[in-house]
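Notes follow once the structure below has been shown.
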There are 2 protein chains.
Amino acid sequence: MFIQIEPTSEIPIYTQLANQLIELIASGAIKASEALPSVRSLAADLGVNMHTVNKAYHELEKKNIIEIIPKSGAIINSISANGPTDMQMDLIKLHLKPLIAESIVYGMDKEQILSITSSIISEITEG
Amino acid sequence: MFIQIEPTSEIPIYTQLANQLIELIASGAIKASEALPSVRSLAADLGVNMHTVNKAYHELEKKNIIEIIPKSGAIINSISANGPTDMQMDLIKLHLKPLIAESIVYGMDKEQILSITSSIISEITEG
DNA sequence: CATTCTGTTCTAATATCATTATAACAGTAA
DNA sequence: TTACTGTTATAATGATATTAGAACAGAATG
């Protein structure tokens, strides 16, 4: 499990962790029905508190990305074949919009924005 | 100035404000060399504290989107003709990556992601 | 020149969030 | 039965976010 936490980042540790787990799933490095490490073991590996990891896992569960089985562990849900739900789509757009607006203000045009988006997708899916 | 603040949002007020100002600039609703309202008047309009607006303005100044002239006011910088600086580009990518990874996990493919990105750009630039 | 407006700075209080630390509990797996 | 699991509870600490009030000094305006 290749995860790197930066304790001094302005991004909360549990968010960094959730984001990196999402990237690992998106890349295929972790696959559906596989189990995530226990909150205690991952916390020990990363040098953070158990509750911090637990919080990250519950964030992923809220997004329907993993399923937490009480007193047992967490397993990864399969990637939706139907695409995102309306709610998922709305949240993605909500967070995407300010970033795109910022890109425009920085002087990027439509082609440039689509180009870096495309390159990030390749970066994730092709490693 | 069409700005809507949701006090109960999990997104801090100063971030909501900064984001909406960025969108107004990206859309052309506010143009370069125009002055932003004073922190006191905008705070009164929005029903928030002066310091909250001041914080939003300084966020925009850190991003080189506006220039704050001490004891005078804030004016909007012109959109960069050279495109983003390396630092600006890196930050955009850093924040874009987890969103794109999340989209992939939700079952979106490359074309769908590029499609909604394109639609958001149109939404911003064409109103 | 005097008034008003401006951002700046300071202190202060409150609320929320993030993180860590222990500890105990109850279900699961070996 | 033993070890491991997520759950829950309490507590403390530090950082943020927000509001409030006040004073200061430069800028704009009449």
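Values in this document were obtained by computation on a predicted structure and should not be read as measured data. Each chain gets a letter, A, B and so on, in the order the sequences are listed, and its residues count up from 1.
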Residues 108-127 of chain A vs salt bridge (Lys or Arg N to Asp or Glu O under 4.0 Å), sequence neighbours excluded, gives A:Glu123-B:Lys97
Using a cutoff of under 3.5 Å, can you pull out all pairs of nitrogen or oxygen atoms linking the protein to nucleotides 25-30 of chain D, with atom names and distances?
unit_1, atom_1, unit_2, atom_2, d
D:dA27, O4', B:Lys71, O, 3.2

Say whether, by atom type as modelled, one donor and one acceptor occur between the side chain of A:Asn19 and the main chain of B:Pro98 under 3.5 angstrom. no
Heteroatom pairs (N/O) under 3.5 angstrom, protein to nucleotides 8-10 of chain D:
unit_1, atom_1, unit_2, atom_2, d
D:dT8, O4, A:His51, NE2, 3.2
D:dA9, N6, A:His51, NE2, 2.8

For B:Ile3, is there any backbone N or O sitting under 3.5 Å from a side-chain donor or acceptor partner on B:Gln20? no
Run through A:Leu24, A:Leu21, A:Ile25 and flag the one making a side chain to side chain contact (heavy atoms under 4.5 Å, CB included) with A:Leu36. A:Leu21
Determine, for A:Lys31 against A:Glu34, whether the closest basic-nitrogen to carboxylate-oxygen distance falls under 4.0 angstrom. no
Can you name the side chain to side chain contact (heavy atoms under 4.5 Å, CB included) partners of A:Leu91, sequence neighbours left out? A:Leu94, A:His95
Going 5' to 3' along DNA chain C, which nucleotides are the first and last within contact of chain B (any atom under 4.0 Å from a heavy atom)? C:dT6 to C:dC10
When you measure from the side chain of A:Glu67 to the backbone N and O of A:Ile76, does any donor-acceptor pair fall under 3.5 Å? no
Which residue lies toward the 5' end of DNA chain C, A:Thr52 or B:Glu61, if each is placed at its nearest nucleotide? B:Glu61
For the pair B:Glu59 (side chain) and B:Tyr14 (backbone), establish whether a donor and an acceptor sit closer than 3.5 Å, ignoring hydrogens and angles. no
Per the end-axis method with five pairs at each terminus, what is the bend angle of the helix from C:dC1-D:dG30 to C:dA30-D:dT1, to 10°? 40°
Excluding sequence neighbours, so at least two apart, what forms side chain to side chain contact (heavy atoms under 4.5 Å, CB included) with A:His51? A:Asn49
Tell me yes or no: between the side chains of B:Ser119 and B:Ser122, is some donor less than 3.5 Å from an acceptor? no
Transitive ILVMFWY cluster of B:Ile79 at side-chain heavy atoms under 4.5 Å: who else is in it? none
In the structure I gave you, are the side-chain heavy atoms of B:Val53 and B:Ile13 within less than 4.5 Å of one another anywhere? no
Could you check whether any side-chain N or O of A:Ser41 sits under 3.5 Å from a backbone N or O of A:Ser38, counting only pairs where one atom can act as donor and the other as acceptor? yes
For residues A:Glu23 and A:Ile124, report the shortest heavy-atom separation together with the two atoms involved. O-CG2, 4.4 Å
Identify, with sequence neighbours excluded, every residue that meets side chain to side chain contact (heavy atoms under 4.5 Å, CB included) alongside B:Thr117. A:Leu96, A:Ile100, A:Ile113, A:Leu114, A:Thr117, B:Ile113, B:Ile121
Contacting residues from residues 10-21 of chain A, given that a heavy atom lies under 4.0 angstrom of DNA chain D: none
Within residues 35-46 of chain B, the residues having a heavy atom closer than 4.0 Å to DNA chain C are B:Ser38, B:Val39, B:Arg40
Could you work out, with side chain to side chain contact (heavy atoms under 4.5 Å, CB included) as the rule, every residue matching A:Pro84, not counting sequence neighbours? A:Gln88, A:Met89, B:Tyr106, B:Met108
Taking atom types as modelled, is there a side-chain donor on A:Ser118 or A:Ser115 under 3.5 Å from an acceptor on the other? no
